[in-house]
Peer 1: 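Just passing along the structure, written as structure tokens.
In what follows, every chain begins at residue 1, and chains take the letters A, B, ... in the order their sequences are listed.
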There are 2 protein chains.
Amino acid sequence: MFFRSNGSTGLCYSCPNRHFRFCKSLLNGSSAEFDAHAVKNIAVIAKQYLYRQGDMNNELLVLREGWVMLTRVSDDGKRQVFRSVLPGELLGFQQHFHGPAIYSAIALVDSVLCKVPNSVEYYSTQPELALSLATSEACDKMLTEMYLGNITHRKARERIAFMALEIYHRLMLRGLNNEYTIQFPLKQEDIADTLGLTTIHVNRTLHAFRDEGVLQIHKHQLTILDYEVLYALAGSRFEFGPI
Amino acid sequence: MFFRSNGSTGLCYSCPNRHFRFCKSLLNGSSAEFDAHAVKNIAVIAKQYLYRQGDMNNELLVLREGWVMLTRVSDDGKRQVFRSVLPGELLGFQQHFHGPAIYSAIALVDSVLCKVPNSVEYYSTQPELALSLATSEACDKMLTEMYLGNITHRKARERIAFMALEIYHRLMLRGLNNEYTIQFPLKQEDIADTLGLTTIHVNRTLHAFRDEGVLQIHKHQLTILDYEVLYALAGSRFEFGPI
DNA sequence: TTAAAAACTTAACCTGGATTAATTTTTTTT
DNA sequence: AAAAAAAATTAATCCAGGTTAAGTTTTTAA
């Protein structure tokens with residue numbers, strides 16, 4: 001299915017994410033406390049912040065549908081985009097359950113999230129779920145390391161190619177692509193702040209990609225026009241990524 | 001104590017790391033299987049690889065003493081240094097317990113590591129330990145995110161200042177500093193491959209820092225000469241880091 | 001102890017991408 | 001539908017850091 005419709009809520013049993021990652025562990029678990037019939041859904045509209053850096057409202061969430069972006073503004077006012085959270089992925093776990101958030105989470109499109117248990121006490125009785133938290137963190141870490149490796153030493157064209165292909169790949173694994181087209185709500189400024197480039201240079205490079213028939217972003221849709229060329233530029237780094 | 005002597009082995013009860021991170025959880029745990037009297041120590045000499053990217057020997061290790069560096073060589077032959085593993089830190093956990101390693105681990109000085117349990121089955125009965133794995137991964141992730149934020153958009157002087165201060169800070173929390181001096185086994189090339197710079201430019205910048213009385217690296221020792229200036233350059237980003 | 005290799009250093013030149021400054025197009029709000 | 005705000009686009013100039021090419025010093029191996 002392409003571009004799930006927004007606004008769905010309800011049971012885990014009908015959720016497209018139920019076989020993946022944290023949800024899978026949650027539903028397979030033996031906890032009497034977790035009731036898949038009473039999952040609390042949180043609906044947010046586009047541009048709404050789930051929380052901001054420094055906030056203490058530490059909820060643990062799984063994105064059911066939509067798109068969430070994690071950003072942090074540093075002392076000098078520059079903004080770093082850490083990553084996009086895609087459907088099925090966990091959001092909000094950190095070293096200290098009740099410490100301040102180190103980054104902000106913003107919904108880029110209308111989204112639905114599910115609250116999952118978020119206390120040390122709960123996970124202290126659920127080893128498989130605690131292990132699933134560890135796996136989720138390991139996946140995030142790997143993704144961040146991939147971006148670190150991509151940005152360090154590589155040129156603008158390669159960075160952008162990598163990012164496009166990485167996100168395409170991650171959405172494809174969830175069946176959220178339509179051939180070579182995906183939903184893509186990031187602005188050029190978001191790409192720039194992810195990859196350490198200026199908006200102007202992102203614009204120049206995207207324009208060149210379009211002229212060359214490599215990649216096109218139009219009306220919040222990204223289309224891969226020449227997979228081979230993009231793949232060669234990206235360097236297949238995205239393939240060692242997490243599921 | 002400054003620069004622990006190498007070669008010590010033995011029980012957890014006398015280990016300086018016993019109150020930190022994963023070791024703490026391991027010793028506080030209720031597992032009959034884990035015997036702190038029979039910890040398997042692994043001694044490696046400088047320049048020895050613990051494992052290489054692609055290897056399947058998936059051991060879970062805690063660095064008892066020494067210094068381990070994580071690196072990955074990509075398709076195009078460029079090397080990315082991901083991070084340094086310092087005493088007390090966990091090493092080797094990944095999404096799939098038995099998948100190939102995505103990076104190599106090399107000891108930069110003579111080091112001692114401790115094997116800790118590494119099976120899904122084990123952690124499936126030890127919720128607190130599984131949660132400690134999750135916390136460890138969250139710390140690594142945060143550190144990687146800090147470096148991502150540092151490298152993206154910032155200039156060479158700031159990147160190097162950040163790295164020096166971050167490593168100094170992390171060692172200081174373990175009591176492994178001597179005033180403003182720390183052991184520092186990284187070569188200029190390692191700094192370059194960590195920060196996305198050339199060796200030549202790292203050399204230029206370090207030289208300038210020495211001339212300006214900011215920072216000095218000599219004979220594998222790093223000395224902070226002007227903490228204030230270094231702190232101003234680094235932008236206090238390292239302070240939100242993990243313990 | 002000497003030879004070889006690795007690491008560090010310095011200088012000259014060059015380029016990818018930043019900066020600055022508009023303008024146009026699209027989206028959102030009224 | 002008009003006004004305002006946000007996002008995308010284009011062009012001109014500039015510089016931080018890359019590249020190339022030698023050195024020199026330090027470390028390691030023979």
Side-chain angles (χ1 to χ4, degrees), chain A residues 45-48 69 71 76-81 106-110 150-163 183-212 215-222 233, chain B residues 45-48 69 71 76-81 106-110 150-163 183-212 215-222 233:
Chain A
I45 59 169
K47 298 186 182 175
Q48 189 177 330
M69 186 175 74
T71 66
D76 53 13
K78 284 169 188 159
R79 189 185 69 148
Q80 172 68 34
V81 173
I106 185 173
L108 293 188
V109 299
D110 296 351
N150 176 50
I151 290 170
T152 303
H153 294 298
R154 305 188 86 216
K155 298 196 195 309
R157 282 172 66 88
E158 298 169 320
R159 293 187 207 183
I160 292 173
F162 167 83
M163 185 177 171
Q183 180 189 31
F184 194 79
L186 301 186
K187 293 179 291 183
Q188 293 185 358
E189 191 180 353
D190 299 325
I191 298 173
D193 289 347
T194 303
L195 299 176
L197 301 166
T198 55
T199 309
I200 292 157
H201 199 65
V202 168
N203 185 284
R204 274 197 288 252
T205 308
L206 287 178
H207 191 87
F209 277 163
R210 198 188 313 143
D211 284 354
E212 297 165 19
L215 182 71
Q216 186 174 36
I217 299 175
H218 186 63
K219 301 257 184 193
H220 311 303
Q221 304 219 153
L222 182 155
L233 278 168
Chain B
I45 60 169
K47 297 186 181 175
Q48 190 176 328
M69 186 174 76
T71 66
D76 53 13
K78 286 172 188 160
R79 189 185 69 149
Q80 172 69 33
V81 173
I106 185 173
L108 295 187
V109 300
D110 295 351
N150 176 51
I151 290 169
T152 305
H153 293 298
R154 306 189 84 217
K155 296 195 197 306
R157 283 171 66 88
E158 299 169 318
R159 292 186 206 183
I160 292 174
F162 168 83
M163 185 177 172
Q183 181 190 31
F184 195 79
L186 300 187
K187 293 178 291 182
Q188 293 184 358
E189 191 180 352
D190 298 326
I191 299 173
D193 289 347
T194 304
L195 298 175
L197 301 167
T198 55
T199 309
I200 292 158
H201 200 65
V202 168
N203 185 284
R204 276 197 287 250
T205 308
L206 286 177
H207 191 89
F209 277 163
R210 198 188 312 142
D211 284 354
E212 296 166 20
L215 181 72
Q216 186 175 37
I217 298 175
H218 186 62
K219 300 256 183 195
H220 311 301
Q221 304 221 151
L222 182 154
L233 278 169

Peer 1: When you list every nucleotide of DNA chain D with an atom under 4.0 Å from a heavy atom of chain A, which one comes first 5' to 3', and which comes last?
Peer 2: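 Nucleotide range in contact with chain A: D/dA7 to D/dA12.
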Peer 1: What distance separates B/Glu189 CD from B/Thr194 OG1, expressed to the nearest 0.5 Å?
Peer 2: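 One finds 10.5 Å between CD of B/Glu189 and OG1 of B/Thr194.
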Peer 1: What pairs of nitrogen or oxygen atoms, one from the protein and one from nucleotides 24-30 of chain C, lie under 3.5 Å apart?
Peer 2:
none

Peer 1: Of all residues at least two apart in sequence or in a different chain, which pass the side chain to side chain donor-acceptor pair (under 3.5 Å) check with B/Arg204?
Peer 2: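 B/Arg204: side chain to side chain donor-acceptor pair (under 3.5 Å) contacts with B/His201.
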Peer 1: Measuring from atom CZ of B/Arg159 to atom CG of B/Leu233, what distance do you get when rounded to the nearest 0.5 angstrom?
Peer 2: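 Reported value, rounded in 0.5 Å steps: 13.5 Å.
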Peer 1: Any side-chain heavy atom of A/His153 within less than 4.5 Å of one from B/Asp76?
Peer 2: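 Result no, sub-4.5 Å side-chain heavy-atom pair not found.
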Peer 1: Hey, are the side chains of B/Leu186 and B/Met163 touching, using non-hydrogen atoms and a 4.5 Å cut-off?
Peer 2: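 B/Leu186 vs B/Met163: side chains touch.
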Peer 1: Are the side chains of B/Leu195 and B/Asn150 in contact, using a 4.5 Å heavy-atom criterion?
Peer 2: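 Answer yes - side chains close enough.
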Peer 1: Find the distance between CD (B/Gln183) and CD (B/Gln221) and round it off to the nearest 0.5 Å.
Peer 2: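 If I round to the nearest 0.5 Å, the distance is 8.0 Å.
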Peer 1: What are the two closest heavy atoms between B/Ala46 and B/Asp110, and how far apart are they?
Peer 2: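 Taking B/Ala46 first and B/Asp110 second, the nearest heavy atoms are N-OD1, 2.7 Å.
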Peer 1: Got a sec, which residues hit side-chain contact (heavy atoms from CB on, under 4.5 Å) with A/Glu212, two or more places apart in sequence or on another chain?
Peer 2: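 For A/Glu212, the residues satisfying side-chain contact (heavy atoms from CB on, under 4.5 Å) (neighbours in sequence not counted) are A/Arg157, A/Ala208, A/Phe209, A/Val214.
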Peer 1: Once you round to the nearest 0.5 Å, how far does OG1 of B/Thr205 lie from CD1 of B/Ile200?
Peer 2: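 It is 11.5 Å, given to the nearest 0.5 Å.
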Peer 1: Of all heavy-atom pairs between A/Thr198 and A/Ala192, which one has the smallest distance, and what is that distance?
Peer 2: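 The answer is C-CB, 3.7 Å.
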Peer 1: Of all residues at least two apart in sequence or in a different chain, which pass the side-chain contact (heavy atoms from CB on, under 4.5 Å) check with B/Leu206?
Peer 2: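 By the side-chain contact (heavy atoms from CB on, under 4.5 Å) rule, B/Leu206 matches B/Ile160, B/Gln188, B/Ile191, B/Val202, B/Leu215, B/Ile217.
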Peer 1: Output the rounded distance in Å from NZ (B/Lys155) to C1' (C/dG17).
Peer 2: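 Whole-Å distance recorded here is 11 Å.
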Peer 1: Please, which pairs that meet salt bridge (charged side-chain N to carboxylate O under 4.0 Å, His left out) have at least one residue in residues 191-201 of chain B, sequence neighbours excluded?
Peer 2: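 Residue pairs passing salt bridge (charged side-chain N to carboxylate O under 4.0 Å, His left out), neighbours aside: B/Arg79-B/Asp193.
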Peer 1: For DNA chain D, what dot-bracket results from Watson-Crick or G-U pairs at under 3.5 Å, with [ ] for crossers and | for inter-strand partners?
Peer 2: ||||||||||||||||||||||||||||||
Peer 1: Could you give the CG-to-C1' distance, from A/Asp76 to C/dA18, as a whole number of Å?
Peer 2: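 Between C1' of C/dA18 and CG of A/Asp76: 16 Å.
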Peer 1: Let's see if you get this right: which residues in residues 199-212 of chain A place a heavy atom under 4.0 Å from DNA chain C?
Peer 2: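 When residues 199-212 of chain A is checked for heavy atoms under 4.0 Å from DNA chain C, the hits, listed by number, are A/Ile200, A/His201, A/Arg204.
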Peer 1: Rounded to whole angstroms, how far apart are CD on B/Glu189 and C1' on C/dA5?
Peer 2: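 So the two atoms are 14 Å apart, to the nearest Å.
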